[in-house]
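A short write-up of the structure that comes next.
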Amino acid sequence: MSKNPDSKKVSRNDFYESVYEIVRLIPRGRVTNYGAIAKVLGTAGAARMVGYAMNHCLNRQDVPAHRVVNRAGLLTGRHHFPEENSMQQRLEAEGLVVIDNQIQHFDQHFWDPMSEIEL
DNA sequence: GTTTTGACGGCGG
DNA sequence: TCCGCCGCCAAAA
């Protein structure tokens, strides 16, 4: 055990990849929040960081960022999409109901990454 | 190397 | 019950 900087915490480089991977695992018609992802990564409380990583993943179509919202089910990140309505439209296209940037029955469509992270 | 921001979350008044 | 403040972690300026 010379260094062993952080076995529990994910490396900064893996942090982004982990976020992308988790978001990528989100099934169609499901949504999750930042806190849940951050918690799975081992950095609970770094929910802001998750959103930060997402901002870089907008270029990646492999990462359905539109399925990630805040814990209130509000499309907080819609303003960062190419089209402000694109996020809501995509969610609706997946069978979700979004009214006024608010996902209806959010808890019902909520998807817990922790259920798929370890496998 | 230090400071500020940032797609949030939880707790207090 | 509703509104507001502080805290956490990392990256960019």
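Naming: A, B, ... by sequence-line order, numbering from 1 per chain. Hydrogens, waters and symmetry mates play no part in the numbers below; they use all other heavy atoms, side chains included.
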Using Watson-Crick or G-U wobble geometry with both distances under 3.5 Å, which nucleotide pairs with C:dC9?
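Paired with C:dC9, as far as the under-3.5 Å criterion goes, is B:dG6.
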What is the distance, to the nearest angstrom, from the [atom1] atom on [X] to the [atom2] atom on [N]?
| X | N | atom1 | atom2 | value |
| --- | --- | --- | --- | --- |
| A:Gln88 | B:dA7 | CD | C1' | 16 Å |
| A:Arg48 | C:dC5 | CZ | P | 14 Å |
| A:Met54 | C:dC9 | CE | C1' | 17 Å |
| A:Glu17 | C:dA11 | CD | P | 13 Å |
| A:Asn70 | B:dG10 | CG | P | 11 Å |
| A:Phe106 | B:dA7 | CZ | C1' | 13 Å |
| A:Met49 | B:dG6 | CE | P | 13 Å |
| A:His79 | B:dG6 | NE2 | P | 12 Å |

For [X], report the nucleic acid contact type (base, sugar-phosphate, nothing); a contact means any heavy atom under 4.0 Å.
| X | answer |
| --- | --- |
| A:His56 | sugar-phosphate |
| A:Arg71 | sugar-phosphate |
| A:Ala72 | nothing |
| A:Ile37 | nothing |
| A:Val68 | base |

Any donor-acceptor pair, under 3.5 Å, between the side chain of A:Tyr34 and the base of B:dA7, if you only look at N and O atoms?
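Pair found.
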Under 4.0 angstrom between A:Asn55 side-chain N/O and B:dG6 OP1 or OP2
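Checking B:dG6 against A:Asn55, no side-chain N or O comes under 4.0 Å of OP1 or OP2.
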With a 4.0 Å limit, can you tell me whether A:Thr43 has a side-chain N or O closer than that to the phosphate oxygens OP1/OP2 of C:dA10?
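No, A:Thr43 has no side-chain N/O under 4.0 Å of OP1/OP2 on C:dA10.
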Consider the side chain of A:Ala47, meaning its heavy atoms from C-beta on, and name the nucleotide among C:dA11, B:dC8, B:dA7 that approaches it most closely.
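Nearest to the side chain of A:Ala47 among the choices is B:dC8.
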Quiz: residues 44-61 of chain A side-chain donor-acceptor pairs under 3.5 angstrom, not counting sequence neighbours:
none

Where is the tightest heavy-atom contact between A:Met87 and A:Val68, given as atom of each residue plus distance?
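Nearest heavy atoms, A:Met87 then A:Val68: CE-O, 3.5 Å.
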What's the separation between atom CG in A:Asp100 and atom CG in A:Leu75, rounded to the nearest 0.5 Å?
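The CG atom of A:Leu75 is 10.0 Å from CG of A:Asp100, to the nearest 0.5 Å.
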More than 12 heavy atoms of other residues, nucleotides or ligands under 6.0 Å from CZ of A:Arg71: yes or no?
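No.
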For residues 21-28 of chain A, dump all side-chain donor-acceptor pairs below 3.5 Å to protein atoms at least two apart in sequence or in another chain.
| unit_1 | atom_1 | unit_2 | atom_2 | d |
| --- | --- | --- | --- | --- |
| A:Arg28 | NH2 | A:Ala93 | O | 2.9 |

Please state the P separation for the pair C:dC6 and B:dT4 - nearest whole angstrom.
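C:dC6 and B:dT4 have their P atoms separated by 15 Å.
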